[in-house]
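Since the structure is predicted, the reported quantities are computational estimates derived from the model, not experimental observations.
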Amino acid sequence: MPNIIGLAVDEAGRCTHWHTDVDIVANKCAQCQAYYACYLCHNALTTHPFAPVAMADLGVLCGACGFEMTGTVYATCTACPNCQHPFNPKCHLHHEIYFC
């Protein structure tokens, strides 16, 4: 499974900012090409702002099983298509931060 970077990240990618059972989605920064627990962690740990990925690119990672998916696939999901672990439905409120 790709490494999930962040502040106080647990084995499923939950961080200081988002840490409920369903906060298991990591997002890729287009500039770094690395997965971060959230954009707040990214911005605290790097010298540039989080850069969104294109919806058609692999840019979302399930922290429960390591399944990578495109933003297009993720946008249609309420749970991981691979392991069925539920995702936080409020994550879709941050669509414009993570995807372009």
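- Side-chain contact check for Leu61 versus Lys28: every heavy-atom pair is 4.5 Å or farther apart.
- Transitive grouping of hydrophobic side chains (ILVMFWY, heavy atoms separated by less than 4.5 Å) brings Val60 and Tyr39 into a common cluster.
- The distance from atom SG of Cys15 to atom CG of Leu7, rounded to the nearest 0.5 Å, is 7.0 Å.
- With hydrophobic clusters built from ILVMFWY side chains whose heavy atoms lie under 4.5 angstrom apart, Tyr36 does not share a cluster with Met69.
- Atom SG of Cys62 is separated from atom CD1 of Ile4 by 8.5 Å, given to the nearest 0.5 angstrom.
- Scanning all heavy atoms of the two residues, the minimum distance from Ala56 to Thr70 falls at O-CG2, 3.3 Å.
- Between the Asn43 side chain and the Phe50 main chain, a donor and an acceptor come within less than 3.5 Å of each other.
- When His95, Glu96, His94 are each tested for a side chain to side chain contact (heavy atoms under 4.5 Å, CB included) with Tyr98, only one passes: His94.
- In this structure, the separation between NZ on Lys90 and CH2 on Trp18 is 9.0 Å, given to the nearest 0.5 Å.
- Taking both residues in full, the closest heavy atoms of Cys32 and Thr46 are given as SG-CG2, 4.3 Å, listed atom of the first, atom of the second, then distance.
- Closest non-hydrogen pair, His48 versus Gln31, comes out as CD2-OE1, 3.3 Å.
- Residues Cys83 and Phe67 are not in side-chain contact: their nearest non-hydrogen atoms beyond the backbone lie 4.5 Å or more apart.
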Validation: residues 72-80 side-chain donor-acceptor distances under 3.5 Å, sequence neighbours left out:
unit_1, atom_1, unit_2, atom_2, d
Thr72, OG1, Met55, O, 3.1
Thr76, OG1, Val73, O, 2.7

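- Under the 4.5 Å side-chain criterion, counting only non-hydrogen atoms from C-beta, Asn27 is not in contact with Tyr35.
- In plain terms, the two heavy atoms of Gly13 and Ala37 that are nearest each other are O-CB, 3.3 Å.
- Hydrophobic clustering (ILVMFWY, side-chain heavy atoms < 4.5 Å, transitive): Ile97 and Phe99 are in one cluster.
- Residue His17 holds its NE2 atom at 12.0 Å from CG of Asp23, rounded to the nearest 0.5 Å.
- Inter-residue side-chain proximity for Arg14 and Asp21 is flagged as met; some heavy-atom pair is nearer than 4.5 Å.
- Residues Thr16 and Ala8 come closest through the heavy atom pair OG1-CB, 3.4 Å.
- To the nearest 0.5 Å, atoms CG (Leu58) and CD (Gln33) are separated by 10.0 Å.
- Heavy atoms only, all atoms of each residue included: Ile5 and Ala34 are closest at CD1-CB, 3.9 Å.
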